[in-house]
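Throughout, a chain's letter reflects where its sequence line sits, starting with A, and its residues are numbered from 1.
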Protein chains: 2
Amino acid sequence: MDTRAPAAPERTVDIIARLQDRLERGRGAEIRLVESILADPQFAAHAPIAQIAERAGVSEPTITRLARGLGFPGTREMRFHLAQALAIGGAYLREPSVPAEELPLSAQVIAKVASGAHAALDLMSMGLADVDIEGMARQICRASQILVYGTGGGSSFAAVELQNRLFRLGLHVTAHTDPQLQRMSASVLEPKAVVIGFSVSGQAASVRDAVTIARQYGAKAIVVTTPNTPLAKAGDALLPLTFKEDGNLYKPSSTRYALLEAVDILAMATAQTIGPKVLESLRRVRHSLASQNIRNPDLPIGD
Amino acid sequence: MDTRAPAAPERTVDIIARLQDRLERGRGAEIRLVESILADPQFAAHAPIAQIAERAGVSEPTITRLARGLGFPGTREMRFHLAQALAIGGAYLREPSVPAEELPLSAQVIAKVASGAHAALDLMSMGLADVDIEGMARQICRASQILVYGTGGGSSFAAVELQNRLFRLGLHVTAHTDPQLQRMSASVLEPKAVVIGFSVSGQAASVRDAVTIARQYGAKAIVVTTPNTPLAKAGDALLPLTFKEDGNLYKPSSTRYALLEAVDILAMATAQTIGPKVLESLRRVRHSLASQNIRNPDLPIGD
DNA sequence: CAAATTTCTGTAAAAAAATTACATCATAGG
DNA sequence: CCTATGATGTAATTTTTTTACAGAAATTTG
């Protein structure tokens, strides 16, 4: 029997992304198979394995092996996930194969934006596999004060958003998007402060300076940025930002979705580390809003 | 052999509705089976037929018969449609394929955030099928002035973000997150202005007021909000916000991803409507940043 | 550069799953 | 109360999937 344990599946990433990933890594027969599945996923989702194998020019066991390789227990599970991906992402599958010109403009725009966003999230998730997020969360919730830095469209947005998420947890957090304020605030830190620096490019000088200054005064620095950049090297702990721009100039950068994911992951991990007592803080935030005009408890906190 | 031609499948009606229909019409064993499938469609969509039969307390052929009765050639097809229906219904959206308890905390957090984000995007995309985004884009790019309103965490974030995206296109756009400024600015609009109002709840009084005031002065109003809410009724054109909160209190609301998608769709559609001359505006924005420290042309504009 | 080892991949056999054929049982109509 | 129709289960059959194994290809090592 083949006793290799199935490779750890990339559990958070959708099946199409995983299949595309295999195109790079895989070998002969598997590549033919994956190409064939991606070329007509609809077919692969219903057809018996024998027919899929025939079309792809591979043997039947290769299909079972692919399913296992992707982390599924068998082909039935792989089919299930393929069917779901098709239902959802008809648009975002195989961008090039759909002659975009034939669709109405609205549908094209939706497809482009959604596929870019999904792809950005998937890529980001994949790069996070070996990151010690728990450790970062522990540092954040032990900090006496938290300063978040980010400059420029995407990064300042992420910094502000992280401030919004962390203050709800009852933490002392301040975001600075102004370069001067970043350097200034870093030089008057409390002891046991933690700073968090965002920069997509990893080049933002003010953020790097602020991080460096903060560390000189004994603060810990978490940086959310592209690996092997000046900022990445300046921090204590790196949350790597993985992204790929698609060069569509009309479409806003999908990297913002990856940044938002990074923010949410830090915020959620911190909330869980603090534990149930954050629920009280969240309840109070909600309560203060309830006095306004928002009654539905299913709505997100704060509109 | 059973020579009855399979009944023509009701392609227009989804499988869940058809199953519910069977509950009325059907007989003993079939009813038990359908009840069992509807109780846990997840399971029915991937379990082997033998297990489904056992749970429902029916024999295996009954399942094949049900599938035929619904108009499918066999159980494989029924499974396929069930999986798709589940995906669309949002009951199951890119859940990790492995029980969460076995994963380390970090991986759980990543999985929760990522699957929530994917789900929010998918749900949003689906609700956009019949929306006249082109029309909205035309109005935006013809406007003499654009005012964007949003109050509260998610909605103000979206308003500011849309401002960021539209000013890059060379448009005259201002976002207001302050309730007083919203009402005030709406009452001093230029002729041929367009206002865009964001509210997740659809209840935000200041946004609704501003939209109403703006329309009294002849401006067109696009609203991005939940259908059938006060704000939705107050606008000229609705970009419907479709979302479902999952009740995980530790996780930041995934609805922000849907808002970001709405922003990007409006921005991209507008950019395309304006056409190639926006590229010049975008180039200038980039150029002004290049004088700073950012050299890599693959990076998103503005970090 | 050849030998050895590891990794792929197909064939064929086995196991599992789904379907068919048929017998039985229940039920509605006479 | 019997008969006829249709529903349901059992068992046999067919189809589909998976496993086991062996040969081929690729990679590493001496």
Considering just the side-chain nitrogens and oxygens of B/S59, establish if one lies under 4.0 Å of OP1 or OP2 belonging to D/dT8.
no
Of all the choices, C/dG10, C/dT19, D/dT19, which nucleotide is nearest to the side chain of B/T75 once you look at every atom?
C/dT19
To the side chain of A/R76, which of D/dT8, D/dT19, C/dA17 is closest?
C/dA17
Could you tell me how far apart B/L33 (CG) and D/dG9 (P) are, to the nearest whole angstrom?
10 Å
What nucleic acid atoms does B/R65 come within less than 4.0 Å of, heavy atoms only: base, sugar-phosphate, or nothing?
base
Would you kindly give the CD-to-P distance between A/E30 and C/dT7, to the nearest whole Å?
15 Å
Is A/P61 touching bases, backbone alone, or none of the nucleic acid, heavy atoms closer than 4.0 Å?
base
Separation of B/M78 atom CE from C/dA17 atom P, in whole Å?
16 Å
Any idea how A/H46 and B/H81 line up, ring-wise: parallel (<30°), tilted (30 to 60°), or perpendicular (>60°)?
tilted
Taken to the nearest whole Å, CZ/A/R32 to C1'/C/dC8 is 11 Å
Return the value, rounded to whole Å, for the distance between atom CG of B/L66 and atom C1' of D/dG9.
16 Å
Considering all heavy atoms of both residues, which atom of A/S199 and which atom of A/L241 are nearest to each other, and what is their separation?
O-CD2, 4.3 Å
Under a 3.5 Å distance rule, please check whether B/R32 uses its side chain to pair with a backbone N or O of B/G57 as donor and acceptor.
yes
Picking from D/dG9, C/dG10, C/dT19, which would you name as closest to the side chain of B/R68?
C/dT19
Under a plain distance cut-off of 3.5 Å, with no hydrogens placed, do A/E261 and A/S125 share a side-chain donor-acceptor pair?
yes
Examine the side chains of A/T270 and A/T273 and answer whether a donor and an acceptor come within less than 3.5 Å of each other.
no
It should be established whether B/T62 places a side-chain nitrogen or oxygen under 4.0 Å from OP1 or OP2 of nucleotide D/dG9.
yes
Specify the separation, in whole Å, of atom CD1 of A/I31 and atom C1' of C/dT9.
14 Å
Length of the CD-P vector between B/E60 and C/dA17, whole Å
9 Å
Taking atom C1' of C/dT9 as reference, at what distance in whole Å does atom CD of A/E54 sit?
18 Å
